[in-house]
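We count residues from 1, following the sequence as given. Quick note: numbers below take in every heavy atom, side chains included, and nothing from hydrogens, waters or symmetry partners.
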Amino acid sequence: MKNLLRKSVAVILCPVLALLPILGEGVAYAQQTPVRSVQTLALREYLQKSYMELFELAAKLEFSATEIEAQRNALKSGKDLCVGRFKTHSKQYGSQIDAARKDLKKDTATLSDAKRTQAHCNIQNLDLLKSEADILAGQAIPTAYDNLSAKLDVIQQWPAEYKQIQQDLASGTYHTRRWGDVKDIGFRQIEPNQQDDIKRGSDAVEEMKRLGLMPPEVEDKAIQEYVRSVGDRVAKHSDLKIPLHITVLQSREINAFALPGGYLFIERGLLEAADDESELAGVIAHEISHDTARHSNKLMKRATIAGIFYQAAQIAAVLLTGGVAGIGMYYALQYGFYGLGLVLNLKLLGVSRDYELEADQLGVQYAWNAGYDPSGFIRFFDKMATKKGYVNGVSWFRTHPPFYQRMVATQREITFLEQKPDATVQTSAFEQMKKELAPIAAKAEKEEVGKPSLLITKEEGCAPPSKIEYKPDQPIEELCATPLRTVPTASSGKQ
Ligand SMILES: [Zn+2]
């Protein structure tokens, strides 16, 4: 009974382990070498693995409840410390801004032009650092820890869940699950009166354009047509009963969103991040599902489009220096970790935990029914959670929040669908699209250099502070250890 032995050792270690997270993180900041027990370190390392790997591995792992609990506590205190750290950074930048403004006011009559420009740049850059710290504390870091907790849940709960799934399969009870009538897709009524959402959707598109929030379309007919063809294939095999309008946007952000009434937008960054057609189809199917089930309509109730975008413009203005809201705001939103996904109203997109679960389930069904490998969406999601670096995916994860139940429910649905041996994973058309996209993306990136700083800043030609780089597979703790940064000085700005 080696488990019993492990458990008794773990019980003795328990009070020590409970303290370790706090001590460990504290030491990590000071020396960048976290002190943890061997067991906790090993468990933490598993959390760097992908969800798909953990589904395979979970049954073989033997971590005790105590060890898992200790890790959970470590994650919680790690998150609190890390969020607190960047909140403190934000406050410190705030006081530096106040001090710089005071100095400027005091010296305004006597400053040389060069010194004045430098003072303006200084304030502007501190503003950028402050909003970056705010996004990290408010969005990116909590998301990173949410993903780690969800992975810990997989290790703890998936083996039992998997057994239940096998039982449901054997007994046939899986047929009675909600929306289990997958052979009738296209003839089911998920939600009546989908056509009532079309007006709201087109109003939202107009409003986004008016506020400068809507990135321009990718000017390449072949790419637009290709993505539309994937969308049409999925839509034809779904429960959507209204026309689908699908547009690829010229934006490096990795995201896709559905406005009500069949208006789907795929950002260029998502096409760059997708590795095969079933991933793209999976994302499109998920977004189609939100419109099919009219999630936005259910969440918005009395809210008006104008009110919702007024709010988006306010958020953007707070995030960005100068409070600029106008043509080309999408460029500004791409600076640092921002993105459309951070300012779009979640009710308008129909995002809530329950509706994400429903859109995941329906999306998997639609992709499957269209002949795609139904695991495309979850594979793409997993890649965002594992390889892309949590911070870079902050926009994606705001509109597609990570939690355990979501991963499990999707995996369960995939298991319940009849396997199709010839399901599409990759196509030559997808590979052709990627080839065409590469130079277009490179050109856009080149042209966009300078645009964000032009639009969000008032003083031109300032050397902006370096962005916090966050590499794929890097543990979040390393990002948490980033020290307070300084803005470029006059001499470093010339480099
Ligand atoms: Zn969604």
Side-chain angles (χ1 to χ4, degrees), residues 50-56 58-59 150 154 157-191 230-241 244 256 258 274-293 295 354-383 385 400 403-427 430:
S50 71
Y51 284 102
M52 299 300 252
E53 282 176 293
L54 290 177
F55 283 134
E56 291 291 317
V154 170
Q157 298 170 36
W158 175 248
E161 198 86 42
Y162 183 74
K163 262 188 206 149
Q164 184 61 49
I165 291 171
Q166 294 306 317
Q167 276 174 22
D168 291 350
L169 271 173
S171 66
T173 49
Y174 71 101
H175 283 300
T176 61
R177 72 192 188 278
R178 196 183 187 212
W179 309 131
D181 46 353
V182 291
K183 289 188 174 156
D184 304 321
I185 292 173
F187 296 89
R188 315 183 289 187
Q189 181 159 275
I190 305 296
E191 192 67 23
V230 175
D232 286 344
R233 177 171 161 184
V234 176
K236 222 163 82 182
H237 295 88
S238 77
D239 299 301
L240 188 73
K241 293 178 172 66
L244 179 69
D275 284 311
D276 61 54
E277 187 166 309
S278 71
E279 289 183 3
L280 174 61
V283 171
I284 290 175
H286 173 93
E287 301 304 335
I288 284 179
S289 303
H290 278 303
D291 281 2
T292 304
H295 289 152
D354 284 348
Y355 293 160
E356 283 310 290
L357 286 173
E358 190 170 51
D360 286 347
Q361 185 193 11
L362 294 173
V364 159
Q365 294 183 354
Y366 299 158
W368 166 83
N369 199 37
Y372 287 107
D373 171 5
S375 70
F377 181 78
I378 197 172
R379 274 189 281 116
F380 185 80
F381 194 103
D382 206 354
K383 189 163 50 183
H400 303 88
F403 53 99
Y404 166 74
Q405 221 193 333
R406 153 168 229 172
M407 308 312 292
V408 167
T410 306
Q411 190 64 11
R412 185 198 292 126
E413 186 63 28
I414 292 168
T415 317
F416 288 159
L417 296 171
E418 201 177 298
Q419 279 202 15
K420 296 182 181 175
D422 54 351
T424 307
V425 176
Q426 186 59 298
T427 64
F430 180 90

Determine whether His237 and Ile185 satisfy the following criterion, side chain to side chain contact (heavy atoms under 4.5 Å, CB included), listing intermediate values before the conclusion.
CA-CA 7 Å; His237 295 88; Ile185 292 173; 5.7 Å; no
For side chain to side chain contact (heavy atoms under 4.5 Å, CB included), just list the numbers for Asp276 and Glu279, CA-CA rounded to whole Å, side-chain angles, deciding distance to a tenth of an Å, and then say yes or no.
CA-CA 6 Å; Asp276 61 54; Glu279 289 183 3; 3.6 Å; yes
With distance as the sole test, does Gln426 use its side chain to make a donor-acceptor pair with the main-chain N or O of Asp275 at under 3.5 Å?
yes
Side chains of Trp179 and Glu413 only: does a donor on one sit below 3.5 Å from an acceptor on the other?
no
Considering non-hydrogen atoms only, spot the tightest contact between Gly231 and Ile288 and give its length.
O-CD1, 4.0 Å
Nearest 0.5 Å please: distance from the CG atom of Leu362 over to the CG atom of Leu357.
11.0 Å
Residue pair Glu161 / Tyr404, side-chain heavy-atom distance below 4.5 Å:
yes
Quick one: does Val182's side chain get under 4.5 Å of Arg177's, heavy atoms only?
yes
Here the pair of heavy atoms bringing Asp373 nearest to Ser278 is O-CB, 3.9 Å
Could you measure the distance from the CG atom of Asp382 to the OG atom of Ser50? Nearest 0.5 Å is fine.
4.5 Å
Quick one: are Tyr366 and Leu240 in side-chain contact, heavy atoms under 4.5 Å?
no
Does atom CD (Gln419) have a neighbourhood of more than 12 heavy atoms from anything else shown, all under 6.0 Å?
no
Provide the closest heavy-atom pair for Val234 versus Ala370 in the form atom of the first, atom of the second, distance.
CA-CB, 4.0 Å
Measuring only between side-chain heavy atoms, which start at C-beta, is Thr292 closer than 4.5 Å to Glu191?
no
Are the side chain of Asp239 and the backbone N or O of Gly186 linked by a donor-acceptor pair below 3.5 Å?
yes
Roughly how far, to the nearest 0.5 Å, is CD of Gln189 from NZ of Lys241?
6.5 Å
For Phe55, ring pair (Phe, Tyr, Trp, His ring centres under 6.0 Å) partners two or more places apart:
Trp158
Side chain to side chain, Arg412 and Gln164, heavy atoms closer than 4.5 Å
no
Any non-hydrogen side-chain atom of His400 less than 4.5 Å from a side-chain atom of Val283?
no
Please report the C-alpha distance between Ile378 and Tyr51 in whole Å, then the side-chain angles of each, then the deciding distance to 0.1 Å, and finally whether the side chain to side chain contact (heavy atoms under 4.5 Å, CB included) criterion is met.
CA-CA 9 Å; Ile378 197 172; Tyr51 284 102; 5.8 Å; no
Ring-plane angle category for His290 and His295, please: parallel below 30°, perpendicular beyond 60°, tilted otherwise.
perpendicular
Which value, rounded to the nearest 0.5 Å, describes the distance between Ser289 atom OG and Glu287 atom CD?
8.5 Å
Please enumerate all residues that pass side chain to side chain contact (heavy atoms under 4.5 Å, CB included) together with Glu56, with sequence neighbours excluded.
none
Of all heavy-atom pairs between Pro374 and Ile414, which one has the smallest distance, and what is that distance?
O-CD1, 3.9 Å
Evaluate side chain to side chain contact (heavy atoms under 4.5 Å, CB included) for Glu418 paired with Lys183, printing each intermediate quantity in order.
CA-CA 10 Å; Glu418 201 177 298; Lys183 289 188 174 156; 4.2 Å; yes
Answer whether the closest heavy-atom distance between the side chains of Phe380 and His286 falls below 4.5 Å.
no
Do the non-hydrogen side-chain atoms of Asp168 and Phe416 ever get within less than 4.5 Å of each other?
yes
What is the distance from atom CD of Gln411 to atom CG of Leu54, rounded to the nearest 0.5 Å?
11.5 Å
Is it true that atom NZ of Lys420 has more than 12 heavy atoms of other residues, nucleotides or ligands lying nearer than 6.0 Å?
yes
Assess whether atom CD of Glu53 is packed by more than 12 heavy atoms of other residues, nucleotides or ligands within 6.0 Å.
yes
Within 45° of the axis and under 6.0 Å from the centre of the six-membered ring of Tyr372, does NZ or CZ of Arg233 qualify?
yes
Short question: side chain of Asp360, backbone of Thr410 - any donor-acceptor pair under 3.5 Å?
no
What is the distance from atom CE of Met52 to atom NZ of Lys383, rounded to the nearest 0.5 Å?
11.5 Å
